[in-house]
Amino acid sequence: MKPRICRRRGPRNQCWLRFCITAVCCAAVISNMTAVEGQSTGSSSNNATVVVNIGVILDLNRTDFVGQVGLSCVEMAVSEFYDSHPDYTTRLAIATRDSQRDVVLAAASALDLIKNVQVQAILGPETSMQANFLIPLGEKAQVPIISFSASSPTLASIRSPYFFRATQKDSTQVNAIAAIVKAFGWRQAVPVYIDNAFGQGIVPSLVDSLDAVDARVPYRSAISPSATDDQIGQELYKLMTMQTRVFVVHVSPHLAARLFAKAKEVGMMSAGYVWIVTDGITDFLSSVDPSVLKSMQGVLGVKPHVPQTKEVIDFRARWKRKFRDADLNSYGLWAYDATVALAMAVEKTADDNDDNIFSNVSDSSSTDLESIGVSSNGPNLARELSRTSFAGLSGDFAMEEDGELRASAYEVVNVNGNGARVVGFWTQRMMMMMTNSSDVATTSRGGSSRAKLGTVIWPGDPGAVPRGFEIPTSGKKLRIGVPVKSGFSEFVSVTTDLETNKTSVIGYSIDIFEAVVQALPYALPFEYVPYAKHLITICLLHAWEQNFECMIADTTVIANRSNYVDFTLPYTESGVSMLVPVKPNGSKNAWSFLKPLTWDLWVTTFLFFLFIGFVVWALEHRISKDFRGPPSHQVGTSLWFSFSTMVFAHRENVVSNLARTVVIIWCLVVLIITQSYTASFTSLLTVQRLQPTVADMNELLRKGDFVGYQDVSFVFGLLKRLGFRDDRLVPYKNSEHCNSLFNQGKIVAAFDEVPYIKLFLAKHCSKYMMTDPTYKADGFGFVFPKGSPLVADISRAILNVTEGDKMTKIEEAWFGKKDRCPESTTSTVSSGGQLGLNSFWSLFMIAGVAAVSALCIFTVQFVYEYRKLMSPQVDDDSQSKPSFWGRLLNLLKTFDNKDLECHTFRGDRVGDQNEVRLASLNVMSPSMYSVHTEFPVDSTQTLSPSMGSSSELHDNTIAQEVAIISIDLHPDSDGEGLVATANDEITRH
C-alpha cells in the first residue's frame, strides 16, 4: 500500500474539509466575477476606492498543500490588510486560476489574466517549471510576477525586472546542508533529486557548497517524477553498493514519501546511513501520514527559521479557528507577506491607476501573444515592490536588487517520534551552527565558528554518529593500484609466474598497507591492480583514469602532488640527505693532542691562566712572602702558581680570602676542561673513526663535482634549486647502479631520500655514510583520490602500526636488523667533533666575574685605607701641593711594601718596635745588633722619628758631616725590650 500525504482524521473531518475548500473556491469565483463585471459600477458609486485586479495562479488540487494553503493565506492577507488600513484608496481584487500541475495550462492562465482580466500583477506560479514560462510573459506585458514557492536557483539567470521571488531560493539552504556535513566530518555526500527543473536547479549549488567544506560528490542520483516503486528500489540498491552513506534528498513531498518507504523496505534506514532533506520536504512533515514519519525516523532536515513573534502566534490561532484540519507551513506565511507587499506597492502607485492601464490590446478574445498588451503601471509597480520592506510573518520582508528575498536563518530539525524537533540553527551572515534560537539574533560575526548541534537521533542506532561511509560486503572490492617499477624493489615488487600466470605483489610498502588494513575497525576487501607506469606524476593521474580507490608505492608526500590526490600520514622517515664514501681518519700525528680543543678555546684558556695569575699576585703581594721578592721572581711565581692548577701541584700559600675564592672557582673550571679534554683525546686516539670524503654540499658546488640522484624522483628538482647544474647530475636506477657509479668514480656524492639511503647502507654500510644537511620531506604515504573517506581511518591505523612492534618486524624482514652493520648506526656525521668555546663560555664567565670582583674589592679596600696618600695636602718642605702622578706613585710604593699588620709578618713587629725606641735617640733604626751606616746629614737638621730611614731623606740636603755610629743592643732591666748603646764619631768635611 502506497503511503499517502493526507493524514486520516475520519469521515466527518474529511467531509468538513471538502466542504470548507469548496465554499472557499465558490466564494472566490463569485467575488472575482462581481469585481470584474461590476468594476465600472463600483467605481462610479465610490470614487474614493480603486479596485486593482490581481491574478493568482496555483495548483488547487486538494492534495497540494502549497496551492490550497497559499490561496487561503492570500485571501486572509487581503481581508486583514484592508481591515487594518481602512483609509487606503485601493483594493485588491483576486482573480484565481488553477494550473492543475500543468506548465502549459499555467502559461495559458497567465495569458488569460493579462489580456482578458487585465491584472496588474500575478501571485504565483507554484513551481519553478511554471515560472520559467510565466516570467517572459510578465516581462512582455510589464506585469510583475511574484512567486512565493518557486525556489529553483536557475530562475535567477533569467534576470527579469518583473520577477520577484518572495521565498528563499534553494541555493541558500545548501550552505546550511554543507555546514551539517562539515560539523560531523563527513567527506562525501550523494545528492538524490527529482529529475526536473526543481531538482536539477539545486545540484550545482549543492556541489559547490560541499566542495567548499572539503566534501566530494562521487555520484548523483536522479529520480524521475513518474518513477515507479520498482524503479526507485533499483536506484536505492545501486546506492547501497557504494561506499558513501550520506544522502541529500531534494524531491517533491509526494515522491519523498515513496522514497523513504522504499528505503526502509530495502534496509537503508538502518545504522550507518545519513539522510538530509531540503525545506521542500521538511516544511510538510507536520502534514504527512504517520506511516511516512515512521519510515523517516532519524532523518535530518533544514527549513527557514520563522521567529515566533506575537503576530505569528495570533495568525496561527486565527488559521486554526478558520481551517481546523489544515496545517500552516512556511509557504503560507510567504504568500501572506507577498500579498501584503503587493497591496502596499499598489497603494503607493494609486495615482498612476486609470481605466485604461493596458495599451495595444486586441479586441478579440483570443489569447495570442501578439495582442497581449502592455501595462502602463507595471514599471511603477515593479519599482515600488523592490523598495517595499516591513516586518512580516515570515520575518523581515525585503527584496534585494535582483528581486530575491533577503536570506534568513535556517532551522536544523531531526525527525523523531511523531514529528520533527529543532536541534540547531544556521545563519547566512555568520556561516555557523547554533543550538539556541536566541543566538540567531544576538551572536555577532566575531563569535565562535565551531559548529554546534543538539542531540541527534540517527537511523537504526540513536546514539552513534555515522562515519558517513561503509565498505559494502556485497559490492566490488577496493581497487589498489600498484605501479610496476624496476628500481628499489624492496618497497614494491610486482612479479608474474609464467607457468600459472599469477601475479604476486610484495614489498615493504605492501606489508605496511596490509598491516594497516588489519588494524582498521572494519573489514576492507581489496585487490591489487598492477599497471605499467614509471613517472610518479603519471601514476597519480593514472589513478584517476583507471578509477583506483588507492595507490600503493614508494610515493613521497609533497605539496604539488596533494593538489591532485589525498595522502595519508607518512609511514616512513622523512627527509633528503647526502650519501658519500668514507675514508679512515688519518689525523693521528705528533700534533694530535691539539685537536680535542678548538683554537679559540686554547687561546681563551691560555689568557685566563695569565689573568688568574695576575689577580692572585695582586691579592697576595702585600701579605704573602711567596709572592714577594725581585720582579722576576714574582712573575715566575705567579705564572707557576697559575699553570700548576692544571695538575693541582701549586705549593704557594694563599692567605687572602678573596684569592682563595678565585682559586677555588678557577680550579673547578680547570677540572672540567681537563676532564673533557682527556675524554675527547682518549676517544680520538683509541676509537677507530671514519670520516666522509666530502664535508658538505658547498664543497660539491665549489668544485663542480658530479652528483648522483635516483631517476624519476623529485630530488632532481631539489638539486637544481640548490644550485647544481644539469650536466653535473647523474641519475641511477637502483642501489647497485649507485654503488657502481661510486666505484667507477663517476660521482663523488649522491642525494636521495632517507628510506632509500638506509636501504643502501644496509648493503654497503662499511663504505658509505649519510651526512648532513637533511632537507625536509614528508616521507612515504598511501595515495587516495581527492575527498576519499578512507584517508582519515587509514591514517589513524598507520599511527597504531608504526607505534607497535609490527612496524619493527616488517623493517627487520626487509632491511635487516639495525645492529647487523655497526658502522651504519652512526650514519649521520656532523661537521667536526672538537670541543669549542661555546661549550664552556659560561664557566669562563663565572671565573672572570669572580676574579674581577675580588680585584675590585681589594682595590677599594686598599685605596680607602691609604686615602691620605691621595689627598692633595701641602708638603712641609716644598710648601707646594704634590701632583696627581706623585700621589699615585706614593700609593704604588705603599702597595709594594709589606702589610706589617697582617698576621703573616708578626715576626717582623719586633724590629718595628726597636725602630720606634731608637727614634727617641735621633738615630736611624738598626736592622740587627750592630750596624755601621754612613749618611749625609743637614747641619741644622736633627734626626727625628718622622724621617724614617736614610732613603727617605731629601736629596737636596748638602752633606757636610759623616757620622759613624756603633750600636750595641742588649736587653733592658725589665726584660721587655732592647736598649741600644751608641758611640758616635763625627768627621767633618
Side-chain angles (χ1 to χ4, degrees), residues 5 64-67 69-70 73 126-128 131 147-156 165-181 189 191-194 196-203 205-206 209-210 247-257 259-260 275-288 292-293 296 299-308 312 327-338 392-395 397 404-415 419-428 433 437 440 453:
I5 297 297
D64 194 306
F65 289 97
V66 175
V69 173
C73 289
E126 182 175 331
T127 67
S128 300
S147 177
F148 53 83
S149 57
S151 57
S152 176
T154 58
L155 298 178
R165 189 181 347 228
T167 183
Q168 298 293 335
K169 59 181 178 181
D170 292 333
S171 59
T172 59
Q173 64 177 324
V174 296
N175 291 328
I177 295 173
I180 297 175
V181 173
V192 181
Y193 59 94
I194 187 171
N196 57 19
F198 168 71
Q200 296 169 358
I202 196 176
V203 173
S205 300
L206 179 61
S209 296
L210 291 175
F247 306 104
V248 181
V249 182
H250 183 65
V251 297
S252 63
H254 300 279
L255 185 57
L259 174 67
F260 283 105
W275 296 88
I276 304 174
V277 297
T278 58
D279 61 353
I281 302 172
T282 312
D283 254 335
F284 299 99
L285 290 177
S286 59
S287 304
V288 300
V292 178
L293 284 178
M296 295 179 64
V299 172
L300 284 174
V302 295
K303 68 175 184 178
H305 171 63
V306 178
Q308 295 302 309
V312 174
D327 293 320
L328 183 64
N329 51 47
S330 299
Y331 294 102
L333 300 179
W334 283 323
Y336 189 98
D337 290 343
L393 296 180
S394 61
F397 187 95
E404 300 287 346
L405 186 65
R406 186 172 299 169
S408 65
Y410 275 85
E411 297 178 359
V412 181
V413 301
N414 183 214
V415 178
R421 59 185 182 88
V422 179
V423 295
F425 297 88
W426 180 90
T427 63
Q428 179 78 23
M433 289 286 181
S437 60
V440 175
L453 286 176

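This chain uses plain numbering: 1 for the first residue, then up along the sequence.
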Within the structure provided, determine whether W426 and V302 are in side-chain contact (heavy-atom separation under 4.5 Å).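 Heavy-atom side-chain distance check fails, nothing below 4.5 Å.
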I need the minimum non-hydrogen distance between [X] and [Y], along with the two atoms involved.
{"X": "G395", "Y": "D337", "value": "N-OD2, 4.5 Å"}
{"X": "T167", "Y": "A150", "value": "CG2-O, 3.8 Å"}
{"X": "S252", "Y": "I194", "value": "OG-CD1, 4.2 Å"}
{"X": "V299", "Y": "V277", "value": "CG1-CG1, 3.7 Å"}

With sequence neighbours excluded, what pairs up with [X] under the side chain to side chain donor-acceptor pair (under 3.5 Å) test?
{"X": "S209", "result": "N175"}
{"X": "S152", "result": "T154"}
{"X": "T282", "result": "none"}
{"X": "S330", "result": "D283"}

Measure the [atom1]-[atom2] distance between [X] and [Y] for me, rounded to the nearest 0.5 Å.
{"X": "L206", "Y": "I276", "atom1": "CG", "atom2": "CD1", "value": "9.0 Å"}
{"X": "T172", "Y": "D279", "atom1": "OG1", "atom2": "CG", "value": "7.5 Å"}
{"X": "H305", "Y": "T427", "atom1": "NE2", "atom2": "OG1", "value": "10.5 Å"}

In chain order, what residues pass the side chain to side chain contact (heavy atoms under 4.5 Å, CB included) check against V312, with sequence neighbours excluded? V306, Q308, T309, R316, L393
Pairing residues for Q200 by the side chain to side chain contact (heavy atoms under 4.5 Å, CB included) criterion, not counting sequence neighbours: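 Per chain and number, Q200 pairs via side chain to side chain contact (heavy atoms under 4.5 Å, CB included) with Y193, D195.
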Can you name the ring-ring contact (aromatic ring centres under 6.0 Å, His included) partners of F148, sequence neighbours left out?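 Applying ring-ring contact (aromatic ring centres under 6.0 Å, His included) to F148 gives none.
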Non-neighbouring partners of W334 that pass ring-ring contact (aromatic ring centres under 6.0 Å, His included), sequence neighbours left out: Y331
Using the test salt bridge (charged side-chain N to carboxylate O under 4.0 Å, His left out), find all partners of R406 that sit at least two apart in sequence or belong to another chain. E400
Kindly write out the residues that satisfy salt bridge (charged side-chain N to carboxylate O under 4.0 Å, His left out) with E404, not counting sequence neighbours, or none if the list is empty. R165
